[in-house]
Protein chains: 2
Amino acid sequence: MAGSAAPKHDVFQAIADPTRRSLLKLLGEEELPVTAISSHYPMTRTAVSKHLRILAEAGLVSERRVGRETRYRLEPEPLQELKKWLAYYERFWNNKLAALKRFVEDDEPEAPADRTIVDTSMGKTDL
Amino acid sequence: MAGSAAPKHDVFQAIADPTRRSLLKLLGEEELPVTAISSHYPMTRTAVSKHLRILAEAGLVSERRVGRETRYRLEPEPLQELKKWLAYYERFWNNKLAALKRFVEDDEPEAPADRTIVDTSMGKTDL
DNA sequence: AGAACGTGAAACCAAATGGTTTCATAATAA
DNA sequence: TTATTATGAAACCATTTGGTTTCACGTTCT
């Protein structure tokens, strides 16, 4: 099941919207159908539904059909990608070494390398 | 001297774009001027410059004028907001899906898990 | 069966986004 | 001084995004 998710929207994009972050929080509490969910928001039911779809495509919520309603609930796993991404940067505030490094670099007249191709992950980070 | 950060763009939005995430990574390595930065990307210098501005508005990079160039570098503090946001959801995979998750991808034996969420490594969001 | 409910799809729209080209300006080099 | 370099600002453009209204369809309740 590890690779069953083929995220059309990535997590970063999914959580960029405040409404969607709010939805995640709401759906972490309990599973809810669309109409109940949308009653919490100042927008139409359809708009909420579209946000839910984007979250679903990112794998952050699951849909379950129950009778005539569709119930949504939080699916936290994809957030691990975020966590992993963040972990890379923790060294910058956990280590004061980073600050030291910058200090040293500031003393240098010229930094040599702009050849370093740090960027390897411009596209998708499909896990 | 905590940054006079009045984020015009929020962090969530800033990191939503893959190019901007790549920029953060690049600028974590070293401070760089715009032209050097943009040589790594398939878009115009101006486009890169705009991305940098968005990152700067989110407080994620700082600009420093040196002669005729503007050097940018990573400013990791605002990422703590992200970390804090994420921390809320950790309980969800620490509880139910923990076993499954751990099976799929063993990350770090970090948090003691099923206790509280409180991650002591970051006391403040206030910088 | 017919009415009411819960939802998704479609068509549409305004604004934001990511990109471009062109131009102006400040700093350095000749 | 004049030319060149590094950059930002402005105008512009196509696509995406977040929202709406309308409509069709399956499910449940009389």
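In the text below, chain A, chain B and the rest are named by the order of the sequence lines, each starting its count at 1.
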Between D:dG19, C:dG8, C:dG6, which nucleotide has the shortest distance from any of its atoms to the side chain of A:S49?
-> C:dG8
Options C:dT7, C:dT20, C:dA10, nucleotide nearest the side-chain atoms of A:R65 = C:dT7
How would you label the contact of B:T70 with the nucleic acid (heavy atoms, under 4.0 Å): base, sugar-phosphate, or nothing?
-> sugar-phosphate
What integer distance in Å separates B:M43:CE from D:dA14:P?
-> 19 Å
Does any non-hydrogen side-chain atom of B:L52 lie less than 4.5 Å from one of B:T70?
-> no
Contact under 4.0 Å: B:T44 side-chain N or O vs C:dG19 OP1/OP2 | no
Measure from the side-chain heavy atoms of A:Q13 and tell me the nearest of C:dG8, D:dT17, C:dG18.
-> D:dT17
Checking D:dA9, C:dG8, D:dG18 against the side chain of A:H51 (C-beta onward), the nearest is D:dG18
Among C:dT21, D:dT7, C:dA10, the one nearest B:P33 by side-chain distance = D:dT7
Classify the side chain of A:R45 and the base of C:dG8 as holding, or not holding, a donor-acceptor pair under 3.5 Å.
-> yes
A:L52 atom CG is separated from D:dG19 atom C1', nearest whole Å, by 15 Å
Nearest nucleotide by nearest heavy atom, which residue falls closer to the 5' end of DNA chain D, A:I54 or B:R68?
-> B:R68
Please work out if A:Y72 contacts a base, only the sugar-phosphate, or nothing of the nucleic acid, heavy-atom cut-off 4.0 Å.
-> sugar-phosphate
With the side chain counted from C-beta on, respond yes when B:E75 and B:L60 share a heavy-atom pair under 4.5 Å apart, and no when they do not.
-> no
Given DNA chain D, 5'-ward residue of the pair B:T35 and A:D17, judged by closest heavy atom | B:T35
Nearest to the side chain of B:H9 - C:dG8, C:dT17, C:dG19?
-> C:dT17
Rounded distance in Å - CD (B:E63) to P (C:dA26) | 18 Å
Co-membership, hydrophobic cluster, residues A:I15 and A:L86, 4.5 Å side-chain = yes
Base, sugar-phosphate alone, or nothing: which one does A:R71 contact when heavy atoms must sit under 4.0 Å apart?
-> nothing
Examine A:R91 relative to A:Y88 and say whether NZ or CZ is less than 6.0 Å from the centre of the six-membered ring and inside a 45° cone about the ring axis.
-> yes
C:dG6 P sits how many Å from A:I37 CD1, rounded?
-> 13 Å
So, does B:Y72 use its side chain to make a donor-acceptor pair with the main chain of B:S49 at under 3.5 Å?
-> no
Side-chain donor/acceptor of B:K50 to base of C:dG19, under 3.5 Å = yes
